[in-house]
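As structure tokens, the structure follows; a few thoughts come after it.
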There are 2 protein chains.
Amino acid sequence: MSVEHTLLAVLSYWPSTGYDIKAEFEHKAASLYWGMSYGSIYPKLKKLEEEGFIYTLEQEAEGRRKKLYELTPKGWEELENWQRMSPAYPVVKDELFVKLSTWHDDMDSSILIGHLQKRREETEDILRFVKEWPSNGYSFVSKFSALAIRFAEMRLEAEIKWIEEATHILKTNDLPEGQDLNGNADKILKRRRMALKENEEK
Amino acid sequence: MSVEHTLLAVLSYWPSTGYDIKAEFEHKAASLYWGMSYGSIYPKLKKLEEEGFIYTLEQEAEGRRKKLYELTPKGWEELENWQRMSPAYPVVKDELFVKLSTWHDDMDSSILIGHLQKRREETEDILRFVKEWPSNGYSFVSKFSALAIRFAEMRLEAEIKWIEEATHILKTNDLPEGQDLNGNADKILKRRRMALKENEEK
DNA sequence: AACCACATGTAATTCGTTACATGATTCG
DNA sequence: CGAATCATGTAACGAATTACATGTGGTT
């Protein structure tokens, strides 16, 4: 029920519309939270309202039609029970590491270096944003959020540092040894060359 | 088509069965790769075979019935084309940060400290494994994988360092300022107290 | 008048997991 | 000989995205 709880968490800051929530996830999202589509948000808000965790704030028909959702007592309690529960260990899905782990000597390492450069730029963008965030003059950053932001900063800095190291290692072709007790690296190259040669002969 | 490519990537190490692949994801998984269930793996392998990316290695009916899959020339090419494509920026979904970001002064911070302690232990377990990995005497670790592992190490170490800092800050109640231009922290506490009081009165 | 940002919603589809069903082989 | 492990597979279900459908209000 984690997506629902995340919605309750966002609403705990202040009453919001589905549209607001989507926007909220749009920019901060990049490094700490995760995205959500309208097709998820609206049905879930409806469901949460039906179950009594949130309700629609009545407003005196000013301007555009919109539904501001606010937490009910039951909603506040549900959020806090969830917060007290031990969080699951996060799963990181990073294509870069799958690509890197299965790279081999018959591939052009400059492409890999390109991937690293791009990742570095993206990471630097986010880092810049994260660094300014707690003093940008408009965002609300609670004491606790500030701790979370500090973590994001450290993680992003570690990533950039690694990218620099890794890039240098690849450029100077000074790769570490690894552990290859069965000559697997060679076997892989042979299997691959064999397969591709076969193919060419046809 | 990222799951399919990950299967091709695993098969590029050596021919494997669906069962092997699942096992492969089971332990290393924790920090660099991601898990996959049989309900995903078998149908995808079947599909990849039908599409000509992999084929079943014939074996002389020794022992147990099993299907060893190997890459076809088309499979090798597809894997490498995918590797050359720029990887998407990873999405991190971490409940801990949602819980932390919406923590507030009316909640017992010792519970939060408990969450951090648990995360620390889990992270240390993985770090221990990751550190031993490239010299554990049995795993195959290519030169490139060794780079990826080095990254995992740095990230995990950064995480542990942050947990230590954050725990200390919470214990000494020495939290940072944050940024609260509209008195939102107070507003949140008021909204919540109001809601919960109402509830009690009923 | 046209366009963009605000705003809500649903239907079809994709994607993946869980749970179940089945059976062989090895080890104590 | 019973349990654990190896091994493959499917059906039902659940979760989330994409694409579509609709409309208002402010700005140029």
Other residues, nucleotides, ligands: >12 heavy atoms within 6.0 Å of B:K22 NZ: yes
Mind telling me whether B:W162 and A:F151 have parallel, tilted or perpendicular rings, with 30° and 60° as the class edges? tilted
Report all interatomic pairs (protein N or O, nucleotide N or O of nucleotides 5-9 of chain D) with separations under 3.5 Å.
residue, atom, partner, partner atom, Å
D:dC6, OP2, B:Y19, OH, 2.9
D:dC6, O4', B:R64, NH1, 3.4
D:dC6, O2, B:R64, NH1, 3.1
D:dA7, OP1, B:K66, NZ, 3.4
D:dT8, OP1, B:K67, N, 2.9
D:dT8, OP2, B:G18, N, 3.4
D:dT8, OP2, B:Y19, N, 3.1
D:dT8, OP2, B:Y42, OH, 2.7
D:dT8, O5', B:Y42, OH, 3.4
D:dT8, O3', B:R65, NH2, 3.3
D:dG9, OP1, B:K67, NZ, 3.0

Atom-to-atom span, CG of A:L48 to P of D:dA15 - whole angstrom: 13 Å
Check every strand shown and say whether B:K44 touches a base, only sugar-phosphate, or nothing at a heavy-atom separation below 4.0 Å. sugar-phosphate
Could you tell me how far apart B:K47 (NZ) and D:dT10 (P) are, to the nearest whole angstrom? 15 Å
Nearest-Å distance, CD (A:E4) to P (D:dG14)? 13 Å
Is the shortest side-chain N to carboxylate O distance from A:K143 to B:D105 below 4.0 Å? yes
Less than 4.0 angstrom between a side-chain N/O of B:S37 and OP1 or OP2 of C:dT17, yes or no? yes
Rounded to the nearest Å, what distance is computed from the CG atom of residue B:L7 to the C1' atom of nucleotide C:dC15? 14 Å
Assess whether a salt bridge exists between B:R119 and B:D94, defined as any Lys/Arg side-chain N lying under 4.0 Å from an Asp/Glu carboxylate O. yes
Checking side-chain polar atoms at under 3.5 Å, does B:H104 have a donor or acceptor matched by the opposite partner on A:Q83? no
Tell me, which pairs form a salt bridge (Lys or Arg N to Asp or Glu O under 4.0 Å) where one or both residues lie in residues 131-142 of chain B, sequence neighbours left out? B:K131-B:E153, B:K131-B:E157
From CD1 of A:I41 across to P of D:dT17 the rounded distance in Å is 9 Å
